[in-house]
Number of protein chains: 2
Amino acid sequence: MATGRTHRPATRSRGIPEATVARLPLYLRALTALSERSVPTVSSEELAAAAGVNSAKLRKDFSYLGSYGTRGVGYDVEYLVYQISRELGLTQDWPVVIVGIGNLGAALANYGGFASRGFRVAALIDADPAMAGKPVAGIPVQHSDDLEKIIQDNGVSIGVIATPAGAAQAVCDRLVAAGVTSILNFAPTVLSVPDGVDVRKVDLSIELQILAFHEQRKAGEEAASDGGVPTAAARGESADQGPDGDMPAVMPA
Amino acid sequence: MATGRTHRPATRSRGIPEATVARLPLYLRALTALSERSVPTVSSEELAAAAGVNSAKLRKDFSYLGSYGTRGVGYDVEYLVYQISRELGLTQDWPVVIVGIGNLGAALANYGGFASRGFRVAALIDADPAMAGKPVAGIPVQHSDDLEKIIQDNGVSIGVIATPAGAAQAVCDRLVAAGVTSILNFAPTVLSVPDGVDVRKVDLSIELQILAFHEQRKAGEEAASDGGVPTAAARGESADQGPDGDMPAVMPA
DNA sequence: CCATCTTTGTGCACGCGTTCACAAAGACAT
DNA sequence: ATGTCTTTGTGAACGCGTGCACAAAGATGG
């Protein structure tokens with residue numbers, strides 16, 4: 001998961017495994033594309049290919065929702081779109097606030113995928129008084145002093161944190177106190193929240209570091225086996241770094 | 001995972017489980033914070049709390065790297081920072097290109113966490129000729145015609161895709177052909193890549209949908225049990241939607 | 001109405017990840 | 001040097017997720 005999930009103690013909600021829930025949006029996207037092309041039905045094999053998963057896994061995932069397929073034919077695209085949307089709660093309107101309108105916050109506000117599926121940017125909030133009133137993506141930025149009032153007036157239960165790391169926990173606390181129970185955190189910090197509040201984090205830096213790990217491993221293996229075309233990474237200054245550092249290095253203290 | 005991981009067939013690289021690799025950056029961040037506060041040593045219990053994980057899990061994670069702790073004392077912060085950095089490949093320099101300099105791409109280019117740990121934005125690439133030469137985050141945007149040359153000249157092996165969904169696969173193909181072997185994808189599409197290429201995806205829309213699922217579940221449970229303070233979500237127009245829709249709904253065809 | 005063929009839904013086995021619980025190891029005081 | 005106390009490192013059990021493989025279901029053609 002490019003995304004780390006919260007450390008919920010395996011709360012299998014309503015019998016649907018967490019791993020399945022995480023894949024439903026993927027299926028929904030593929031199905032929506034099919035729907036736009038007016039494809040009436042789709043087999044588990046085709047849909048699985050479009051979503052990039054195993055077909056057995058997809059069938060098992062759908063089996064948690066109920067028996068929505070027809071043997072010998074496949075799944076009705078429109079019907080499945082509706083069922084998954086309903087299961088994910090996308091048939092209702094979710095007002096969302098974005099806190100921290102810097103580069104990232106502005107990018108999120110402008111992001112089209114927001115409005116597309118039940119999500120509506122109810123307000124943009126920033127701590128900088130100079131930002132107040134300035135429109136971003138057509139929505140005027142409001143000052144964070146009014147955070148609680150904004151949350152309550154709009155019935156917001158989902159908050160997006162795009163502030164610097166230092167401000168994230170304080171913002172989080174205020175959001176939760178005001179009634180927000182789901183938080184999407186872009187700040188590079190571990191947020192602590194009371195039980196019953198969900199936090200998901202998106203962390204660019206962590207994703208890059210995971211890629212770097214695998215990249216290093218690939219470069220190391222390649223240098224060892226010397227097979228295949230040399231990658232762009234395997235050039236120049238790798239002389240001082242062994243491919244697999246097993247030496248004790250410099251033990252401090 | 002905000003993060004969904006690639007469907008690699010459980011490639012346990014060098015004996016370090018994938019789940020552990022995904023947590024190493026988290027530990028590294030907590031350790032760096034300790035290091036800046038000049039804390040000399042830390043116990044698994046303290047560090048686990050800071051990283052938001054179970055202490056036994058943390059110890060097992062570290063055990064894959066080697067025996068770097070001292071019983072009765074804990075872990076040497078500086079030493080551990082170095083070991084994890086080395087394991088993740090952050091002791092070397094990773095030039096990165098960002099393709100697609102829209103709102104998101106610009107936000108990524110400006111993101112400080114990029115440069116902080118071994119990553120260096122080598123180039124910004126966009127398909128819009130009007131963008132060419134315009135500086136973003138102090139780096140002039142280059143046209144995508146020169147993509148292959150840029151990759152090769154800079155020895156880039158990690159690419160970030162921040163283009164619209166429609167362009168993502170084509171950009172991906174060109175990146176891979178030019179020698180990129182790790183891709184961080186922000187476009188809402190499933191990318192198909194040859195073996196040996198890692199893809200991690202960051203998908204705002206998917207994260208929000210997962211939150212919506214849990215949010216809906218919470219609202220449903222609350223309406224059923226009627227315990228605790230009503231959340232901001234449990235207001236108004238939930239009359240037409242049963243808390244647990246088990247009725248057959250409208251079966252098409 | 002029957003045979004055939006396609007595709008779903010799922011029982012089952014396997015492997016990974018998590019957590020508990022404890023023995024081994026070392027620091028530290030006396 | 002010896003005992004005590006803290007904390008690591010890990011064996012073992014458990015649970016979840018994945019994928020195979022197949023029986024059941026239904027469509028389709030004759």
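All values derive from a computational prediction rather than experimental measurement. No hydrogens, no waters, no symmetry mates; every other heavy atom, side chains included, goes into these values. Just so we're on the same page: letters track the sequence lines, and every chain starts at 1.
If you check every strand for non-hydrogen atoms under 4.0 Å, Ser67(A) touches sugar and phosphate atoms only. As judged by a 4.0 angstrom heavy-atom cut-off over every strand, Phe62(B) is placed among residues making no nucleic acid contact.
For the pair Glu45(A) CD and dG9(C) P, the interatomic distance rounds to 14 Å; values are reported in whole Å. Here dG17(C) presents its C1' atom at 8 Å from CZ of Arg23(B), a figure rounded to the nearest Å. Following rounding to the nearest Å, Glu46(B) (CD) and dT8(D) (C1') show an atom-to-atom distance of 14 Å. Between Tyr75(A) atom OH and dT6(C) atom C1' there is a gap of 13 Å when expressed in whole angstrom units. Distance Leu65(A) CG to dG9(C) C1': 13 Å, rounded to the nearest Å. Taking atom CG on Leu58(A) and atom C1' on dT10(C), their separation rounds to 14 Å, with Å as the unit.
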Could you check Glu18(B) against His214(A) for side chain to side chain contact (heavy atoms under 4.5 Å, CB included), going step by step and ending with a plain yes or no?
CA-CA 10 Å; Glu18(B) 189 61 26; His214(A) 293 297; 3.0 Å; yes
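In summary, the side chains of Glu36(A) and Thr32(A) do not present any donor paired with an acceptor at a separation below 3.5 Å, with no hydrogens or angles considered.
Between the CG atom of Leu208(A) and the CD atom of Glu215(A) there is a distance of 11.5 Å, given to the nearest 0.5 Å. The structure places CG of Leu108(A) at 8.0 Å from CG of Leu184(A), a figure rounded to the nearest 0.5 Å.
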In B/S/- notation (B base, S sugar-phosphate only, - none; protein heavy atoms under 4.0 Å), nucleotides 19-30 of chain C written 5' to 3' is BBB--BB-S---
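Regarding contacts with the backbone of dC16(C), every side-chain N or O of Tyr64(B) stays at 4.0 angstrom or more from both OP1 and OP2. OP1 or OP2 of dT7(D) has not a single side-chain nitrogen or oxygen of Ser44(B) nearer than 4.0 Å.
Salt-bridge formation is detected for the pair Arg29(A)/Asp203(B): a Lys NZ or Arg NE/NH1/NH2 atom is positioned less than 4.0 Å from an Asp or Glu carboxylate oxygen.
You'll find the ring centres of Phe62(A) and Tyr68(A) outside the 6.0 Å limit.
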